[in-house]
Amino acid sequence: MLENIRVVMVNTSHPGNIGAAARAMKNMNLTQLYLVDPVEFPSAEAASRATHAVDIINSAVVCASLEAATADCSLVIGTSARERTLNWVVENPHQMAATALAQLQSADAPVAIVFGRERTGLTNEELALCHRLVHIPTNPDCTSLNVAAAVQVIAYELFNSSLETHAEPATKPEGDDQVAKAGQIQTLHQHLYQVMTDIEFFGSNNPENVMRRLQIFLNRSQPSRRELNILHGILTAMQRKL
Ligand code: SAH
């Protein structure tokens with residue numbers, strides 16, 4: 001089951017952190033590493049810090065954007081060193097592991113855990129692509145872990161929970177009742193934007209703020225494909241009428 005957990009590292013500055021993260025993953029039986037726009041990769045330092053996990057480094061997938069790295073995932077969990085709770089469900093690592101493993105049992109698609117830049121974490125645009133957040137509780141005076149250390153904590157929780165998770169659920173949603181993938185939610189968001197533009201909803205206002213809120217709302221709601229299709233149908237009918 002853990003083979004469908006995808007660790008996504010965004011715009012990592014230090015290749016040593018990529019290596020250390022790969023090592024942490026290997027210890028905890030995770031294999032899928034995606035790197036969004038890494039500052040230096042491939043790198044001898046990443047390979048050297050990975051030690052026996054060099055296979056994870058060698059099979060790492062490099063992507064240009066977080067959207068591309070998560071489009072095929074059924075659940076995208078962002079990590080945050082801050083307790084930015086507004087609009088997001090924020091879990092601790094233990095709860096996150098239970099959520100992620102339950103998702104893997106009900107959907108045949110990867111679950112992504114997204115880690116941010118060493119200095120600045122994830123941008124608001126990147127957070128808006130996440131369906132929920134996980135925060136590692138810390139000393140309130142020092143909340144930010146090294147990114148590879150954060151990967152270690154999250155990977156450990158996932159591994160430990162996987163040891164406790166046995167039974168498959170009796171019914172697995174099929175076809176259009178399956179939970180939508182991240183890219184399918186993005187497509188609906190774009191369709192909504194198109195129709196809102198067509199009906200001149202925004203007037204002289206900048207669409208960015210309201211579109212960001214709608215994106216966070218859609219991503220939080222974990223729609224099925226059928227539900228997205230209904231919304232597409234409504235939007236298409238509106239476009240026909242215009
Ligand atoms: N100043 C940045 C800190 C980035 S730390 C910020 O406030 O976001 C680099 C990365 O390590 C984070 O993006 C996150 O992926 C991970 N990380 C560090 N501390 C964490 C914590 N307490 N909980 C969850 N993830 C954490």
Side-chain angles (χ1 to χ4, degrees), residues 5-28 30 32-41 43 45-46 49-50 53 56-57 60-70 73 75-101 103 110-161 182 212 216 219-220:
I5 295 283
R6 178 176 304 173
V7 170
V8 182
M9 298 181 79
V10 177
N11 201 205
T12 312
S13 299
H14 300 295
N17 281 335
I18 297 175
R23 180 178 187 169
M25 288 171 63
K26 180 106 181 179
N27 283 136
M28 299 297 141
L30 302 185
Q32 253 195 70
L33 177 60
Y34 276 51
L35 303 171
V36 175
D37 191 24
V39 172
E40 192 187 326
F41 191 83
S43 139
E45 194 186 344
R49 286 286 297 279
I56 293 182
I57 294 286
V61 178
V62 176
C63 295
S65 69
L66 179 57
E67 198 172 337
T70 55
C73 296
L75 184 64
V76 181
I77 304 174
T79 53
S80 176
R82 284 176 244 157
E83 288 185 85
R84 280 177 287 210
T85 52
L86 207 63
N87 301 319
W88 274 277
V89 179
V90 183
E91 294 177 324
N92 68 35
H94 190 69
Q95 295 163 330
M96 174 280 313
T99 303
L101 296 179
Q103 182 79 5
V111 169
I113 323 285
V114 184
F115 295 86
R117 295 159 189 78
E118 289 92 335
R119 281 170 154 277
T120 53
L122 296 168
T123 64
N124 288 335
E125 289 77 11
E126 289 157 354
L127 285 170
L129 291 167
C130 297
H131 304 170
R132 39 179 77 224
L133 299 181
V134 56
H135 171 73
I136 302 167
T138 59
N139 172 355
D141 297 331
C142 186
T143 64
S144 171
L145 281 75
N146 165 273
V147 65
V151 171
Q152 181 74 76
V153 171
I154 298 296
Y156 166 74
E157 286 289 354
L158 288 162
F159 181 68
N160 202 29
S161 291
R212 175 75 43 77
I216 293 167
N219 279 332
R220 187 180 57 221

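Nothing fancy with the numbering, it's 1 onward along the sequence. One-based numbering, in listed order, for ligands and for the atoms of each.
Checked by distance only, ligand 1 and Thr79 come closer than 3.5 Å through their nitrogen or oxygen atoms. For Leu122, no nitrogen or oxygen atom sits less than 3.5 Å from a nitrogen or oxygen atom of ligand 1, counting backbone and side chain alike. Ligand 1 has an N or O atom lying under 3.5 Å from an N or O atom of Arg119, backbone or side chain. The distance criterion of under 3.5 Å between nitrogen or oxygen atoms is met by Gly116 with respect to ligand 1. Backbone and side-chain nitrogen or oxygen atoms of Glu118 are examined, and none is located within less than 3.5 angstrom of a nitrogen or oxygen of ligand 1. The distance criterion of under 3.5 Å between nitrogen or oxygen atoms is met by Arg82 with respect to ligand 1. Taking only nitrogen or oxygen atoms, main chain and side chain alike, Ile136 reaches within less than 3.5 Å of ligand 1.
A donor-acceptor distance shorter than 3.5 angstrom exists from the side chain of Thr143 to the backbone of Ala81, with no hydrogens or angles considered. Here the side chain of Glu157 pairs no donor or acceptor atom with the backbone of Ile154 at under 3.5 angstrom.
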Would you list the atom pairs, donor with acceptor, under 3.5 Å between side chains in residues 61-70 and any protein atom, with sequence neighbours excluded?
unit_1, atom_1, unit_2, atom_2, d
Ser65, OG, Ala68, N, 3.0
Thr70, OG1, Leu66, O, 2.8

Distance-only donor-acceptor pairs under 3.5 Å for side chains of residues 15-26, two or more places apart:
unit_1, atom_1, unit_2, atom_2, d
Asn17, OD1, Asn146, ND2, 3.1
Asn17, ND2, Glu118, OE2, 3.0
Lys26, NZ, Asp55, OD1, 3.2
Lys26, NZ, Asp55, OD2, 2.9

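Residues Val39 and Asn11 form a side-chain contact, since some pair of their non-hydrogen atoms from C-beta on lies under 4.5 Å apart. In this structure, the side chains of Glu91 and Val89 come closer than 4.5 Å at one or more pairs of heavy atoms. Under the 4.5 Å side-chain criterion, counting only non-hydrogen atoms from C-beta, His131 is not in contact with Gln103.
Counting the atoms of ligand 1 from 1 in the order shown, those under 4.0 Å from a heavy atom of Ser144 are 3 (C), 5 (S), 19 (N). Residue Leu145 approaches ligand 1 through these ligand atoms, each under 4.0 Å from one of its heavy atoms: 5 (S), 11 (O), 18 (C), 19 (N), 22 (N). Heavy-atom contacts of Ser80 reach the following atoms of ligand 1: 21 (C), 23 (N), 24 (C), 25 (N) (cutoff under 4.0 Å).
Summarising the contacts of atom 11 (O) of ligand 1 with Ile154, Val147, Asn139, Val151, the nearest heavy atom is found in Val147.
Within 6.0 Å of OH on Tyr156 lie no more than 12 heavy atoms contributed by other residues, nucleotides or ligands.
When heavy-atom distances to ligand 1 are checked against a 4.0 Å cut-off, Pro137 has no atom that comes that close, whether in backbone or side chain. For Ala150, every heavy-atom contact with ligand 1 shorter than 4.0 Å involves the side chain, none the backbone.
With Arg132 as the fixed residue, the side chain to side chain contact (heavy atoms under 4.5 Å, CB included) test singles out one of Asn219, Ile77, Val90, Val76: Ile77.
Heavy-atom distances between Val134 and ligand 1 reach below 4.0 Å in at least one pair.
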